[in-house]
Amino acid sequence: MNPPPEPVTPDAEKTPAPDVAPDVAPVPDVAPSPSPASDVGPAPDVAPATATPSRVTLRSDIRASWLDGLVALVVTAVVFVILFVRIKSEASSTLTVMPFMADTSAFWMYYLSQAFGWSALLWAWGTVIIGLLLSGPRPARLPLSGPRLERLHRTTSLNTIALIVAHALLFAAELIYQDTDAWPSRVGTAVLETFIPGGYNSGTGVWAMPIGQAALYLAIPLGLLFYVRHRIGPKTWRVLHRFVLVVYVLSVWHTLLYGTNVWYDGAFRNTVWLLQLPIAALFLLRLLRPARRSERLASPGAHRGSKAGWGLRLTGRVAAVAIIGVLVAVIASGRDGGRTVPPEDTSSTHVHDD
């Protein structure tokens with residue numbers, strides 16, 4: 001029996017992301033006033049036309065997401081080729097973690113899972129960026145109008161969920177493919193190690209897998225709650241929707257903790273950190289200049305709410321500044337306190353029996 005490769009969900013469980021759009025109330029249905037009756041003869045017995053703007057639905061957004069989804073698949077294919085070439089040229093740090101994975105014909109499905117993981121993280125990043133632009137002060141010029149940007153935000157959110165699910169399913173399929181037990185045992189083991197927290201109990205995966213699974217299981221409901229916000233109430237939706245950033249943080253954490261492509265300090269890992277700087281800056285700007293007046297930080301004397309609420313808002317702004325400072329320090333130094341160099345010998349800790 002070939003045990004599954006030790007690292008868990010590749011680089012980006014991502015996941016991430018889903019919907020960070022502001023709570024825009026749907027346009028009310030207003031019927032135009034009927035035209036006055038004609039002077040000749042009685043008015044016809046016909047009900048006046050009613051202008052009924054269509055409500056945004058999950059089905060309509062799925063239909064609108066095909067182009068964004070196609071781009072995501074193209075990006076995934078490009079990432080897969082890059083990973084494949086790096087393995088072939090022995091330039092990938094994956095081989096220092098798991099030397100046996102140099103056999104690309106045997107582990108191509110694992111690399112495809114990695115590719116979906118990276119594209120999921122990239123789409124989650126874009127979704128969060130768009131969401132912060134929509135919920136905070138918008139730049140004077142944007143390439144898309146507000147409604148089109150909101151629709152793009154929703155479609156990238158849906159495609160992020162799809163990429164995350166594909167990433168996880170391919171990882172499970174790889175475990176089934178490498179296993180030599182009977183089919184029921186293969187499937188059971190794959191489901192346990194991929195989807196059940198605590199099921200993967202090897203190495204760093206003891207922590208990395210539950211983190212990635214948490215991102216997956218939070219991303220799906222938080223991304224889809226937008227389509228039922230009229231049932232749960234806009235205020236409840238806004239409160240829950242803020243946890244999308246938590247999902248994204250979990251995805252990045254999972255990637256840095258267990259992504260074999262960014263296992264050690266270097267340019268690739270540093271790039272992941274660099275991509276977090278725009279999100280942190282937009283998040284700080286969102287806190288300093290919120291779109292809703294009720295969320296602005298007034299002076300303690302002018303604050304209408306509780307002192308605890310004022311203190312919490314102040315703490316959030318200070319924390320955002322601190323996060324930016326940490327990111328700048330990590331990016332400038334190229335060190336994040338993680339693994340620095342590959343060990344001279346990995347055969348004793350990464351065994352692969354044929």
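- A salt bridge between Asp61 and Arg154 is present, with a side-chain N of the basic residue lying under 4.0 Å from a carboxylate O of the acidic one.
- Residues Val75 and Phe80 have side chains not in contact (no heavy-atom distance under 4.5 Å, counting atoms from C-beta outward).
- The structure places CG of Leu170 at 11.0 Å from CG of Leu175, a figure rounded to the nearest 0.5 Å.
- Between Phe268 and Asn261 there is a side-chain heavy-atom pair separated by less than 4.5 Å.
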Apply side chain to side chain contact (heavy atoms under 4.5 Å, CB included) to the pair Glu174 and Tyr111, showing each step before the final yes or no.
-> CA-CA 10 Å; Glu174 164 68 15; Tyr111 298 127; over 6 Å; no
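- When ring centroids are compared, Phe226 and Trp237 come within the 6.0 Å threshold.
- By the salt bridge (charged side-chain N to carboxylate O under 4.0 Å, His left out) test, Asp68 is found to be paired with no residue, residues two or more places apart in sequence or in another chain being considered.
- At distances below 3.5 Å, not a single donor-acceptor pair connects side-chain atoms of Arg151 with backbone N or O atoms of Pro147.
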Would you check, one step at a time, whether the test ring-ring contact (aromatic ring centres under 6.0 Å, His included) holds for Tyr258 with Trp263?
-> CA-CA 7 Å; Tyr258 220 51; Trp263 197 261; 5.6 Å; yes
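- Here Arg148 pairs with nothing under the salt bridge (charged side-chain N to carboxylate O under 4.0 Å, His left out) rule; sequence neighbours left out.
- Contact between Ile130 and His153 at its shortest, heavy atoms only, is CG2-CB, 3.5 Å.
- In summary, of the residues considered (Leu73, Ile164, Val79, Val165), a side chain to side chain contact (heavy atoms under 4.5 Å, CB included) with Phe116 occurs for Leu73 alone.
- Here the CG atom belonging to Leu285 is positioned 9.5 Å from the CG atom belonging to Leu132, to the nearest 0.5 angstrom.
- Side-chain atoms of Thr194 do not come within 3.5 Å of backbone N or O of Val191 as any donor-acceptor pair.
- Side-chain N/O atoms of Gln276 and Tyr248 include a donor and acceptor closer than 3.5 Å.
- In this pair, Phe100 and Phe107 present their aromatic rings tilted. The plane angle is within the 30 to 60° band.
- In this structure, Phe243 places its CZ atom where only 12 or fewer heavy-atom neighbours from other residues, nucleotides or ligands lie under 6.0 Å away.
- Using modelled atom types, no side-chain atom of Arg229 and backbone atom of Pro234 make a donor-acceptor pair closer than 3.5 Å.
- Contact check for Phe195 versus Leu169: side-chain heavy atoms found under the 4.5 Å cut-off.
- Looking only at distances, a side-chain donor or acceptor of Thr57 sits under 3.5 Å from a matching main-chain atom of Ser60.
- The backbone N or O of Leu256 sits less than 3.5 Å from a side-chain atom of Arg269, completing a donor-acceptor pair.
- Distance alone, capped at 3.5 Å, places no donor-acceptor pair between the Asn270 side chain and the Gly266 backbone.
- Annotation for Pro278 and Ile129: closest pair CB-CD1, 4.1 Å, computed over non-hydrogen atoms.
- Rounded to the nearest 0.5 Å, atoms CG (Leu284) and CD1 (Ile324) are 4.5 Å apart.
- Residues Trp118 and Thr76 fail the side-chain proximity criterion, which asks for heavy atoms closer than 4.5 Å.
- Contact check for Val128 versus Phe283: no side-chain heavy atoms found under the 4.5 Å cut-off.
- No donor-acceptor distance shorter than 3.5 angstrom exists from the side chain of Ser113 to the backbone of Met109, with no hydrogens or angles considered.
- Side chains of Gln114 and Thr260: a donor-acceptor N/O pair is present below 3.5 angstrom, by distance only.
- Nearest approach of Ala124 to Thr160, heavy atoms of both residues: N-OG1, 3.5 Å.
- Looking at Val252 and Trp125, their side chains never come closer than 4.5 Å, going by heavy atoms from C-beta outward.
- With rounding to the nearest 0.5 Å, the separation of CG in Leu274 from CG in Leu327 is 9.5 Å.
- Here Thr104 contributes atom OG1 and Leu83 contributes atom CG; the two are 12.0 Å apart, rounded to the nearest 0.5 Å.
- Between Ala120 and Leu163 the shortest heavy-atom distance is CB-CB, 3.6 Å.
- Taking both residues in full, the closest heavy atoms of Val247 and Ala219 are given as CG1-CB, 3.8 Å, listed atom of the first, atom of the second, then distance.
- At a cut-off of 3.5 Å, with distance as the only test, no side-chain donor of Ser65 or Thr155 sits close to an acceptor on the other residue.
- A donor-acceptor pair under 3.5 Å links the side-chain atoms of Gln178 to the main chain of Ala106, judged by distance alone.
- Taking the side chain as every heavy atom from C-beta outward, Leu158 and Leu224 approach each other to under 4.5 Å.
- Legend: residues meeting side chain to side chain donor-acceptor pair (under 3.5 Å) with Trp273, ordered by chain and number and at least two apart, are Asp336.
- Distance check, rounded to the nearest 0.5 Å: OG of Ser93 to CZ of Arg86 gives 7.0 Å.
- Between the Ser135 side chain and the Gly131 main chain, a donor and an acceptor come within less than 3.5 Å of each other.
- Checked by atom type and distance alone, the side chain of Arg335 never pairs as donor or acceptor with a backbone atom of Val330 at under 3.5 Å.
- Between His167 and His254, the ring-plane angle classifies as perpendicular under the 30° and 60° cut-offs.
- Tyr217 has its side chain out of reach of Leu222: every pair of non-hydrogen atoms, C-beta onward, lies at least 4.5 Å apart.
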